[in-house]
Amino acid sequence: MQPGSGSFLLNDDLQPISDSVSIFLDYCDRAASRQDLTKLKRVANKAKKQISRERYRKQESADAAQWRANWEEIITTGWIGKGQTNTLLQIFVGYGIVFLDLESDKLVEFCLTTAINAPGYSQYCRHQHEIEARVRHWVESTIRNKCYSAYIRGC
């Protein structure tokens, strides 16, 4: 309702009532006086939380699924050259924690088995003589630094 803009206040039948800013403000004041602001704020906050929760769930689920798919592709591909041990062990540990909810000895066992059975391990991994120690180091440092936590679906 800017003066001279050609704006009009409309009635319920969408018929023009006035182009006066002061009349528009009077209508606003009367409407505001009938509002239950406490109820309005409560309902607005509830709606905002619900929308936020739904948006987070959808986004997180899609992101987590993509993340999992990426890591599974890397795990099934294994070593394709030299110099990949640290990267692969980090992914094995992360996958075990995030998607399998493994801890301590079970995590070490998963990572060790996954590493040894991964394609290209015997051909490209130059740490075969110390692979268990390397796995244990990655598990311990990842847990100590709280790099990952288990992904719980539906949260």
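Along the sequence shown, residues are numbered consecutively beginning with 1.
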Chemist: Count the heavy atoms belonging to other residues, nucleotides or ligands that lie under 6.0 Å from CD of Glu72, then report whether that count exceeds 12.
Modeler: yes
Chemist: Show me the pairs that pass salt bridge (Lys or Arg N to Asp or Glu O under 4.0 Å) and involve residues 28-41, at least two apart or across chains.
Modeler: none
Chemist: Kindly give the heavy-atom pair with the smallest separation between Thr77 and Glu73, and that separation in Å.
Modeler: OG1-O, 2.7 Å
Chemist: Who pairs with Phe110 by ring pair (Phe, Tyr, Trp, His ring centres under 6.0 Å), at least two apart in sequence or on another chain?
Modeler: none
Chemist: Can you name the residues that form a ring pair (Phe, Tyr, Trp, His ring centres under 6.0 Å) with Tyr121, not counting sequence neighbours?
Modeler: Trp79
Chemist: Heavy atoms only: give me the nearest Ala118-Gly78 pair and the separation to one decimal.
Modeler: CB-CA, 4.1 Å
Chemist: Hey, do the aromatic rings of Phe92 and Trp71 have their centres closer than 6.0 Å?
Modeler: no
Chemist: What pairs with Gln15 under side-chain contact (heavy atoms from CB on, under 4.5 Å), at least two apart in sequence or on another chain?
Modeler: Asn11, Asp13
Chemist: Taking only residues two or more places apart in sequence or in another chain, which ones pass side chain to side chain donor-acceptor pair (under 3.5 Å) with Arg136?
Modeler: Glu132
Chemist: Checking Leu25 now: which residues fulfil side-chain contact (heavy atoms from CB on, under 4.5 Å) with it, not counting sequence neighbours?
Modeler: Val21
Chemist: Looking at SG of Cys28 and CD1 of Ile23, how far apart are the two atoms once the value is rounded to the nearest 0.5 Å?
Modeler: 12.0 Å
Chemist: Say you draw a straight line from NZ of Lys82 to OH of Tyr124; how long is it, rounded to the nearest 0.5 Å?
Modeler: 8.5 Å
Chemist: My understanding is that only residues two or more places apart in sequence, or in another chain, count here; which of them pass side chain to side chain donor-acceptor pair (under 3.5 Å) with Ser22?
Modeler: Ser20
Chemist: Could you check Phe24 against Asp19 for side-chain contact (heavy atoms from CB on, under 4.5 Å), going step by step and ending with a plain yes or no?
Modeler: CA-CA 8 Å; Phe24 171 75; Asp19 64 350; over 6 Å; no
Chemist: Any chance you could measure Thr114, atom OG1, to Glu109, atom CD, to the nearest 0.5 Å?
Modeler: 10.0 Å
Chemist: Going by side-chain contact (heavy atoms from CB on, under 4.5 Å), Cys111 matches just one of Leu107, Thr113, Val108. Which one?
Modeler: Leu107
Chemist: List for me each residue that meets side-chain contact (heavy atoms from CB on, under 4.5 Å) alongside Leu40, sequence neighbours excluded, and say none if there are none.
Modeler: Leu37
Chemist: How long is the span from the CD1 atom in Ile80 to the CG atom in Leu88, to the nearest 0.5 Å?
Modeler: 9.0 Å
Chemist: Return the set of residues passing side chain to side chain donor-acceptor pair (under 3.5 Å) with His127 (not counting sequence neighbours), or none when no residue passes.
Modeler: Glu130, Arg134
Chemist: Once you round to the nearest 0.5 Å, how far does CD1 of Ile91 lie from CG of Asn86?
Modeler: 11.0 Å
Chemist: Run Leu100 and Ile97 through side-chain contact (heavy atoms from CB on, under 4.5 Å) and show every step you take.
Modeler: CA-CA 6 Å; Leu100 303 178; Ile97 293 171; over 6 Å; no
Chemist: For residues Ile116 and Val139: do they belong to one hydrophobic cluster (side chain heavy atoms under 4.5 Å, members Ile, Leu, Val, Met, Phe, Trp, Tyr)?
Modeler: yes
Chemist: Please walk me through it: do Ile74 and Tyr95 pass side-chain contact (heavy atoms from CB on, under 4.5 Å)?
Modeler: CA-CA 11 Å; Ile74 292 167; Tyr95 187 86; over 6 Å; no
Chemist: Kindly write out the residues that satisfy side-chain contact (heavy atoms from CB on, under 4.5 Å) with Gln90, not counting sequence neighbours, or none if the list is empty.
Modeler: Trp138, Tyr148
Chemist: Under the side-chain contact (heavy atoms from CB on, under 4.5 Å) rule, what do Cys125 and Ile131 come out as? Steps first, then yes or no, please.
Modeler: CA-CA 9 Å; Cys125 180; Ile131 195 66; 4.3 Å; yes
Chemist: Report the hydrophobic cluster partners of Val43, with the cluster defined as I, L, V, M, F, W, Y residues connected by side-chain heavy atoms closer than 4.5 angstrom, directly or transitively.
Modeler: none
Chemist: Please check this pair: side chain of Gln35 against backbone of Ala32, looking for a donor-acceptor N/O pair closer than 3.5 Å.
Modeler: no
Chemist: Any salt bridge (Lys or Arg N to Asp or Glu O under 4.0 Å) pairs touching residues 89-107, not counting sequence neighbours?
Modeler: none
